[in-house]
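Every chain is numbered from 1, with letters handed out A, B, ... down the list of sequences. What you see is a predicted model, and the numbers here were worked out from it, not measured in a lab.
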Amino acid sequence: MSEPSDEPKLSDVLRDRREKLGRIREAGIEPFPHEFSQREDIAEVRAAHEGLAPGIETESRHRVAGRIAARRGHGKACFLDLRDGSGQIQLHAREDLLGAEAYELLVDLDLGDIVGVEGTAMATRRGGELSLAIDRWRLLSKSLRPPPDKYHGLEDTETRFRRRELDLIANEDSRRVFRIRARTISEVRRWLDEHGYIEVETPVLQPLYGGALARPFVTHHNTLDRDLYLRVATELYLKRLVVGGIDRVYELGKDFRNEGVSHKHNPEFTMLEWYEAYSDYEKTAHDLELLVAEVAERVLGTTVVKRGEVEIDFAPPWRRITLREAILERSGIDIAEHPSREALARAIGGEPDPSEGWGKLVDGLLSRDVEPGLIQPTFVFDYPTELSPFAKAHRSEEGLVERWEAFAGGVEIANSFSELNDPDEQRRRFEQQAAEIARGDDEAQPYDEVFVEALEQGMPPTGGVGLGIDRLVMMLVGAANIREVLLFPAMRS
RNA sequence: GCCCCUGUAGCUCAGUCGGUUAGAGCGGCGGCCUUUUAAGCCGCGCGUCGCGGGUUCGAAUCCCGCCGGGGGCACCA
């Protein structure tokens, strides 16, 4: 659908618009003028005349601009729907107000053309719809391609995702999703800023990747003649900043993981990570439920969101359960009774993949049996050490680390731990990861000496959180697919 | 990577036990209409039936391959 403009055979629709453009130029009208200043947002005009009684014609003049979304002609008058970024308003165009020539040119416009108009506010007699009775107008940009169907909108998913501009033109639902996304990100920032966190930017291109169990994208720096990785997480750099004395730090940006796409995965996605010194995973859990509830309240006006038929309430406190209990509850398997890889594999019943250690098997139980059932916001606490190379050992449970993951709508939305700050223990964890790599796990962590040395410098006890922004937005808008909340999601091609 | 489904006009879709010239609504074009609301009325179909090959007297329809999309599996803190 992205053929060049000199395609050999234009459809009649396209040809007609080209011809119309020619006629406009011949008439001495510039179809792409430079500006249309001193206009009001359509939403402001609407607000100024809310509740105007049917049949009333005011003297109140307004100047607005936007795209023509629909037209209903009546001979020597017509109605146009004009939409800008703030909203939509009806225009009443009458030949007696505009003059014959201006009226004819207006009627000759196409749906999708962008115009600026001036007129007085009125409400129609029967419907009482607020309208502008226009007496001046000007073409601001000629549209050479037809807009999507004005009633059905644009439904083809491929076109909606590949040509998001058409989706935004056609579908109010889509416009709403991305307004909510923007407000969500801004409210998350505001919450962190107000709680004393410093926002930072760390490298996206990294000589060594780390901070998450994931495969990276590899790229190449030409003049340095070396491979670099696109970050899979911001974790290790942010903790170095905590070592540096930034006690409350966060970064909100893209991570990249070389993985397949699914309804909850996109190769590049927006992640928030924050770290608070002198804190632990109990505190971060409390902060997360507070943050999400406050953001939902500010963005949506409620902590309750609908997801299909189900209502999810983000008001704290969220349910808390240990990983062991969660798995026992959903699968009947008590992982504590099967401490070896072989025993657990036997309990599950499948033949274990040689690249899967005990931790991976536990992880499999979690994502297959537990995660889909966690609809109301839930913290799952206390994970196997093997799965969490950067989390601190549990203060009382052998073999576990102080880590939780938060789930809602059957999807993981956040992850947190009491950060490991013992450099020697961190070294041992990296060695464990090396063993996983040797076993064939290509998502294990490469050894990062600079990071360990940073810990040797001394890092205070710290709580850290990663919150998946796309997934949070999915929850807030009730989307079942991550692509609905990404403007330009990854597509096969 | 595997399995299933799918691709028809600018948009939304019908048509597929193989059979005349491929249809509808919206949009577009021409005409009527000065308070409509998916405005209405009259007339006009604007098309590489995803692409390539095959079977057949005849293919949108059946077969094979390719490309795009969707769903599921796998993968994925």
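- If you take atom C1' in B:A59 and the same atom in B:C2, they sit 31 Å apart, rounded to whole Å.
- Residue A:Gly211 is in base contact, counting any heavy-atom pair closer than 4.0 Å across all strands shown.
- Taking atom CD of residue A:Glu484 and atom C1' of nucleotide B:G69, one finds them 14 Å apart after rounding to whole Å.
- For A:Asp110, whose side chain is taken as the heavy atoms from C-beta onward, the closest listed nucleotide among B:G68, B:G28, B:U35 is B:G28.
- Residue pairs meeting the salt bridge (charged side-chain N to carboxylate O under 4.0 Å, His left out) criterion with at least one member in residues 362-386 of chain A, sequence neighbours excluded: A:Lys264-A:Glu371.
- OP1 or OP2 of B:G71 lies within a sub-4.0 Å distance of a side-chain N or O belonging to A:Asn481.
- The separation of B:C67 from B:C26, taken at their C1' atoms, amounts to 30 Å, rounded to a whole angstrom.
- Checking side-chain atoms of A:Ser60 against main-chain N and O of A:Thr58 turns up no donor-acceptor pair under 3.5 Å.
- The separation of B:G45 from B:C33, taken at their P atoms, amounts to 24 Å, rounded to a whole angstrom.
- For A:Asp16, taking side-chain heavy atoms from C-beta onward, the closest of the listed nucleotides B:C29, B:C75, B:U35 is B:C29.
- In this entry B:C49 has no Watson-Crick or G-U wobble partner, no candidate having both defining distances under 3.5 Å.
- Listed here is the closest heavy atom pair of A:Thr202 and A:Arg231: O-NH1, 3.1 Å.
- Atom C1' of nucleotide B:G28 and atom CG of A:Asp108 are separated by 12 Å, given to the nearest angstrom.
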Shorter than 3.5 Å, N or O on both sides, protein versus nucleotides 37-41 of chain B: list them out with atom names.
unit_1: B:U37; atom_1: O2; unit_2: A:Glu129; atom_2: OE1; d: 3.0
unit_1: B:U37; atom_1: N3; unit_2: A:Glu129; atom_2: OE1; d: 2.6
unit_1: B:U37; atom_1: O4; unit_2: A:Thr124; atom_2: OG1; d: 3.1
unit_1: B:A39; atom_1: OP1; unit_2: A:Lys150; atom_2: NZ; d: 2.2
unit_1: B:A39; atom_1: OP2; unit_2: A:Arg72; atom_2: NH1; d: 3.0
unit_1: B:A39; atom_1: N7; unit_2: A:Gly73; atom_2: O; d: 3.1
unit_1: B:A39; atom_1: N6; unit_2: A:Gly73; atom_2: O; d: 2.2

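- Within the nucleic acid shown, A:Glu235 comes within 4.0 Å of at least one base atom, counting heavy atoms only.
- In this structure, A:Leu144 atom CG and B:G28 atom P are separated by 15 Å, rounded to whole Å.
- For the pair A:Asp167 CG and B:G10 C1', the computed distance is 17 Å after rounding to whole Å.
- Rounded to the nearest Å, the gap between the P atom of B:G1 and that of B:C46 is 42 Å.
- Side-chain contact check for A:Lys239 versus A:Phe390: some heavy-atom pair is nearer than 4.5 Å.
- Scanning all heavy atoms of the two residues, the minimum distance from A:Tyr281 to A:Ser418 falls at N-OG, 3.1 Å.
- Nucleotide B:G43 has B:C29 as its partner under the Watson-Crick or G-U criteria, with both atom distances under 3.5 Å.
- Toward the 5' end of RNA chain B, the nearer of the two residues A:Lys264 and A:Lys20, judged by each one's closest nucleotide, is A:Lys20.
- In this structure B:G7 sits in a base pair with B:C67, meeting the Watson-Crick or G-U test at under 3.5 Å.
- Looking at heavy-atom distances under 4.0 Å, A:Arg403 makes contact with a base.
- If you take atom P in B:A60 and the same atom in B:G53, they sit 14 Å apart, rounded to whole Å.
- Atom CD1 in A:Ile68 sits about 11 Å away from atom P in B:G28, given to the nearest Å.
- Closest heavy-atom contact between A:Ala393 and A:Arg429: N-NH2, 3.8 Å.
- Among the nucleotides B:G28, B:C75, B:U35, the one closest to the side chain of A:Leu111 is B:G28.
- Side chain of A:Arg368, nearest nucleotide from B:C75, B:G27, B:U35: B:C75.
- Counting any heavy atom pair closer than 4.0 Å across all strands shown, A:Glu57 reaches a base atom.
- Heavy atoms of A:Tyr103 sit nowhere under 4.0 angstrom from any nucleic acid atom.
- Nearest nucleotide to the A:Asp149 side chain, out of B:U35, B:C29, B:C26: B:C26.
- Using a cut-off of 4.0 Å between Lys/Arg side-chain N and Asp/Glu carboxylate O, A:Lys283 and A:Asp280 are scored as not salt-bridged.
- B:G47 and B:G28 have their C1' atoms separated by 15 Å, given to the nearest Å.
- Nucleotide B:C57 is matched to B:G19 when pairs are restricted to Watson-Crick or G-U wobble geometry with both distances under 3.5 angstrom.
- Using C1' as the reference atom, B:A22 and B:C13 are 14 Å apart when rounded to the nearest Å.
- B:A9 and B:C4: their P atoms are spaced 27 Å apart (whole Å).
- In terms of modelled atom types and a separation under 3.5 Å, the side chain of A:Glu118 and the main chain of A:Val64 share no donor-acceptor contact.
- Across A:Trp274 and A:Leu272, no two heavy atoms sit closer than the pair CE3-CD2, 3.7 Å.
- Atoms CZ (A:Arg163) and P (B:G69) sit 15 Å apart, rounded to a whole Å.
- Under a cutoff of 6.0 Å and an axis angle of 45°, A:Arg403 and A:Tyr383 form a cation-pi pair.
- We find that CZ of A:Arg145 is positioned 17 Å from P of B:G28, with the value rounded to whole Å.
- Relative to the side chain of A:Asp96, the nucleotides B:U34, B:U35, B:G10 differ in distance, and B:U34 lies closest.
- Separating the CD1 atom of A:Ile169 from the P atom of B:G10 is a distance of 17 Å, rounded to the nearest angstrom.
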